[in-house]
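The first residue of the sequence shown is numbered 1, and numbering continues consecutively from there. Every value quoted in this text rests on a predicted model; they were computed, and no experiment measured them. In what follows, every heavy atom counts, from backbone to side chain, and hydrogens, waters and symmetry copies are set aside.
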Amino acid sequence: MKSVLHAISVLAIVVWGSAAQAYEQGDWILRFGAITVAPEASSQDINLPDGLVAEVDVDDDTQLGFMPVYMMTDNIAFELVAATPFEHDIEAKGKGAIKGTSLPAGSTKHLPPTLMFQYYPRGGKSGWQPYAGIGINYTVFFDEDVDDELVNLLGDLTGGDVDNADLDLGDSFGLAFQVGVDVPFYDNWAFNAAVWYMDIDTEASITAKSGGMQVDKVEFDVHIDPWVYNLGIAYRF
């Protein structure tokens, strides 16, 4: 987050007042750039065989984002946040007797379309355009996969009873918050930087199998709750 705020400050200093760009009622703005999803993940305990306990962690990913905006008034707008699918590796981290250990647990892809209601305090005025927003996020998970290392561990802990496993993540619906800025540099073009916090919680399950038949099923809640960053450009129509 510090790097994004620093980038916002640098952009504002370099191009402050260098180009006129007033956002007005009826304008369309298209923002696009690199969006990074950085989860602050935590989960309920995952109870493994032999009384072992673990929790999950989720890594970061960066994809191409595109965000159309419509100015309802000079100061009020709606923005749709969309991106190419994000893919995250999932890690199982030991607790209790196996604290400090970890192994790859699986992976998943997701799409997090988010509708934001935004306020532009400088709407109707030329120059830089800061904004803040609140909205709704809907995250769809797909292509969930269990890593072979976790399958092998489950097999070892059950004396060979497990030879496969399925991972399932339920879709999520939650609030999102945002701050950002457009800094004009030429005609209708601007640099954009933005930060979101998204409330993404999912119900997860791991189904252990042997010969295609279910041996055991573990269910647990995962709080992904990522900080999301965008650095890119914007064009006003």
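Applying the 4.5 Å side-chain rule to ILVMFWY residues, one finds that Leu80 remains a lone member of its cluster. Apart from Ile29 itself, the hydrophobic cluster it occupies contains Tyr23, Val69, Met71, Tyr120, Tyr131, where clustering links Ile, Leu, Val, Met, Phe, Trp and Tyr at side-chain heavy-atom distances under 4.5 Å.
To the nearest 0.5 angstrom, Leu153 atom CG is 11.0 Å from Asp147 atom CG. A distance of 10.5 Å separates CG of Asp163 from CG of Asn152, quoted to the nearest 0.5 Å.
In this model, a donor atom of one side chain and an acceptor atom of the other lie less than 3.5 Å apart for Glu91 and Ser102. Counted by atom type alone, Asn137 and Asp199 present zero donor-acceptor pairs between their side chains at under 3.5 Å. A donor-acceptor contact closer than 3.5 angstrom is absent between the side chains of Gln214 and Asp216. Of the N and O atoms on the side chains of Thr36 and Thr62, at least one donor lies less than 3.5 Å from an acceptor on the other residue.
When side chains are defined from C-beta on, Phe86 counts as touching Pro112, because their heavy atoms get closer than 4.5 Å. By the 4.5 Å heavy-atom criterion applied to side chains, Ile206 and Lys217 are not counted as neighbours.
Each side chain to side chain donor-acceptor pair (under 3.5 Å) pair with one or both residues in residues 104-113, not counting sequence neighbours, appears once here: His88-His110.
Judged as a side chain to side chain contact (heavy atoms under 4.5 Å, CB included), and not counting sequence neighbours, the contacts of Glu40 are Trp227. For Pro113, the side chain to side chain contact (heavy atoms under 4.5 Å, CB included) partners two or more places apart in sequence, or in a different chain, are Leu111. For Arg31, the salt bridge (Lys or Arg N to Asp or Glu O under 4.0 Å) partners are Glu79, Asp182, not counting sequence neighbours.
In terms of heavy-atom proximity, Ala204 sits nearest to Val222 at CB-CG2, 4.0 Å. Of all heavy-atom pairs between Phe237 and Asp27, the closest is O-OD1, 3.9 Å. Considering every non-hydrogen atom in both Leu231 and Ala193, the closest pair reads CD2-CB, 3.6 Å. Closest of all the heavy-atom pairs between Glu149 and Leu103 is O-CD1, 3.5 Å.
A salt bridge links Asp166 with Lys209: the closest approach of a Lys/Arg side-chain nitrogen to an acidic carboxylate oxygen falls below 4.0 angstrom.
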